[in-house]
S.K.: 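There's a structure below that I have some questions on.
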Amino acid sequence: MIKRLGFDRYSALYLWAAFMLYFGITKNDTFISWTTFQLVFQENVFTAILALAFLVPMTTGAFDLSIGAQMSMSLVLTAYFAEHQIMPAGLGAIIGILACGIAGWISGFIVVKLKVNSFIATLGMSQVISAFIIHTSQQSINSPFSKEYMDFGAKPLFNLQRYFYMMIILAVILWFVLEHTPIGRYMFATGGNPEAARLSGVKTDRLVWGSLVVSGLIAGFAGTVYSWKVGNYDSSVGPGYLFPAVAAVFFGASQLKGRANVWGSLIAVYALAFGIWGLHLTFLNSIWIDPLFQGLSLLIAVSIASRPAVVKITKRRAEAKAAAGEPPEEPIGGPSPAPELR
Amino acid sequence: MSQSYAAVGDIEDVQQGDGRVQDTLRIEHLSKTFPGQAALIDVDLTVAPGEVHALVGQNGSGKSTLIKILAGYHQPDEGGMAWVDGEELTLGDGQAASAAGIRFVHQDLGLVGSISTVENMSLAVGYMTGPGGRIRWRAERKRAREALDAIGAHGIDVRAAVDTLAPSQRTAVAIACALLNWEDGAKLLVLDEPTATLPGDDVNKLFEIIHRLRARGVSILYVSHHLDEVFELADTVTVLRDARKVTTTSVASLDNSGLIELIVGHHVETLDASDDPTSGKPVLTVRGLSGATVKGIDLNIHEGEIVGLAGITGSGREHVLALIAGQEPRVDGEVLIQGAPVDNYSPRDVIERGGAFVPAERTTRGVVGTMNVRENMSLSTLGQFFRRMWLSRRGEVNATHDWIDRLSVKTSSTESPIGSLSGGNQQKVVFGKALALKPRLLLLDEPTQGIDIGAKEQIHRLVDQASADGVATLVASTDTDELVRLCHRVVVMVDGHVATRFVGADITTEKIEHTQLQSSRRTS
């Protein structure tokens, strides 16, 4: 029953539909409106982009926890250059994005060459970047951007701003690379078993390294989008977006294909975002809802994702009904959404 | 159910009435059905006291299922019954089996590698604590040493991490762990493929332990693919084929080919005579190859030639292919494939020069466990399916189907997770991945380790066929019979050097094994 209706692989879509239905009925005056859609889609573009940034190295088995800090570094650099009129904002944005790519390159060097666990390497990198940001920004920078610059990214098109479509284009590119080119397959192989992949001729080190550079560039782009959307910087930007992005990727990994994937991640971002929005309408002035909801959804999502393995164990123990198919000679690890830490 | 209980009473009455010696283990009418698949059909098995009873059969014949039911991993179908020393045993209950005196050493040994023997034993039976919960380490160490002494395994450092022990020592530790609290009544020790990861020389040490245990009255149920071990060790052998018991017979009444026939179900030609090597161009040239235990190896392999690499573990045999194929970095020396030098520590470069590598230890190095059959099979040759900026799914599926047919891989689909296949079929997929590269050089490291005799023979035929097509092959194996079966030339390694080379009719099991052991400094 669960399989047939796809509650396991499409749980985020069902959840999304459930939110729409529930809040559509209880809050039908405010929830089902174009404003809601516009707001939720646009407000969560950063989370979506950061989720894509986190997704890329995760396919190779590496975690990048510095994406939140990289996002604010890109924003700070762009704003700083504009504020001091060093260069046009557009060029500043490009330099901001490249700086994040360089930070990713350094993380990659530490992970690949110095053999430091990616979790540790990027956590350390995150703090170093934070120091740089605080030193440069002195907490906040106010609206330094020109109107042309803002218009370039934030001009509305069919009632949604341009950066929303840019995010979609980015997602399509990543989906294509990950699912329809050898590079994507090599990345998943590296995440699955780096030694077997390497012995099969896959350049695993380059993929891990490159994926950290790419995640830096994407995180930097999230900073650029923020500059278009909000137009100023304060120190709360960035790290706060890390958690929802990570939660969405883990949730998304349980969706559609049973491994980390682009559309699953985006669906997860927006399913959760609509849920949070509905809750905000229900409980006014309730900022605590965000972390609570995100934390719970991550825990539940990963529990669902490890369910096949848990079910297997429970079945084996209770042996209520025989497991599906022929018993394999070797135990199969359940499809875990989290590759091993590198 | 009540009827079968009545039947139990009858059997016991009869047995005791006859005054016969009670069987240590008696299994009757054991069946196990998985959806769409009968894994065991009405199997009977009796193990007499002090007997070494071998259980043999191809992968998928039901050996593993039987052991797993005994160990309590699987619940049998209704109707299956078992008794230990005449006492009824609840099947599918691990604790009941343990309480009845059945102990298990599984293939992976079930030890935690990063901690010591002492701690592994404490994990098995609990720590001995003094006042305030202090662990009595001295008493723990004493217990560990005594447990090892009891099975005749001396000279093991019980404080060293299990990973740092020799393979035979690890097996001894696993057996000692299983037999802790022996006095509680360990009656039957089940050894599941205990030699799968043991180098040839260490096998004898295991045999000594088994002989000692038998002398003390413990029955042994011994599962193995190695038929020579069955002949050397076992009193009785039970053969399973296609989920049914074929026969139980005394080992003395069988010869090697007779046993193989029982296992496979039809006549198989063992030890095909290998053809003479075709004289051709050199494909692989190795000069002064050195690594941790390899000290300057020179090799030349020509087109169509199959060269075997023998040697006990520790002789360097186990590192040569890893060094050539880029699995481990070389310290010194050069490797040329088709005349072109190969970069150090670069499997990619080996492949680009026309080599293909099947590494030892399939699960850690051969397959990507998170991927399916197709993705594993095409991993090395993915580029050829990338046409018009798109990875052609259809091309990939078709190619995978071809390989599944050619290698007779048993899988329900190209999209099945690789872990759902048996070990032998997984290894065939790894082979397919290598052969798909259309290599000029095949590097095979323990290519048939732990797989059944049918799959093994198929893999051997694939190697023969590749050789006939002019592929040069280097194969390292602890299975001397395999080298005799396959090779035109066998190189025997001792202490990191090439000790001897055998060609043609000189390649015999006796000569190879004799030469392997000709080392004065042999320690393990």
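Hydrogens, waters and symmetry mates are skipped; everything else that's a heavy atom, side chains included, is used. Proteins come first, then strands; the chains are lettered A, B, ... in the order of their sequence lines, and each starts at number 1.
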S.K.: Can you say whether A:Phe176 sits under 4.5 Å from chain B via the side chain, the backbone, both, or neither, judging by heavy atoms?
M.R.: side chain

S.K.: Looking at B:Glu328 and B:Arg365, is there a salt bridge between them, counting it only when a charged N and a carboxylate O are closer than 4.0 Å?
M.R.: no

S.K.: Taking side chain as everything from C-beta outward and backbone as N, CA, C, O, which of these in B:Leu379 sits under 4.5 Å from a heavy atom of chain A? Side chain, backbone, both or neither.
M.R.: both

S.K.: What are the two closest heavy atoms between A:Val249 and A:Ala51, and how far apart are they?
M.R.: CG2-O, 3.2 Å

S.K.: Can you name the residues of residues 382-393 of chain B that have some heavy atom under 4.5 Å away from a heavy atom in chain A?
M.R.: B:Leu382, B:Gly383, B:Phe386, B:Met389, B:Trp390, B:Leu391

S.K.: Rounded to the nearest 0.5 Å, what's the gap from CG on B:Leu55 to CD1 on B:Ile67? Could you check?
M.R.: 5.5 Å

S.K.: Atom OG of A:Ser66 and atom CG of A:Leu242: how far apart are they, to the nearest 0.5 Å?
M.R.: 9.0 Å

S.K.: Are the charged groups of B:Lys456 and B:Asp452 less than 4.0 angstrom apart, N to O?
M.R.: no

S.K.: Using 0.5 Å steps for rounding, measure from the CG atom of B:Leu321 to the CD atom of B:Gln327.
M.R.: 9.0 Å

S.K.: Check whether B:Tyr345 forms a cation-pi arrangement with B:Arg330 (NZ or CZ under 6.0 Å from the six-membered ring centre, at most 45° off the ring normal).
M.R.: no

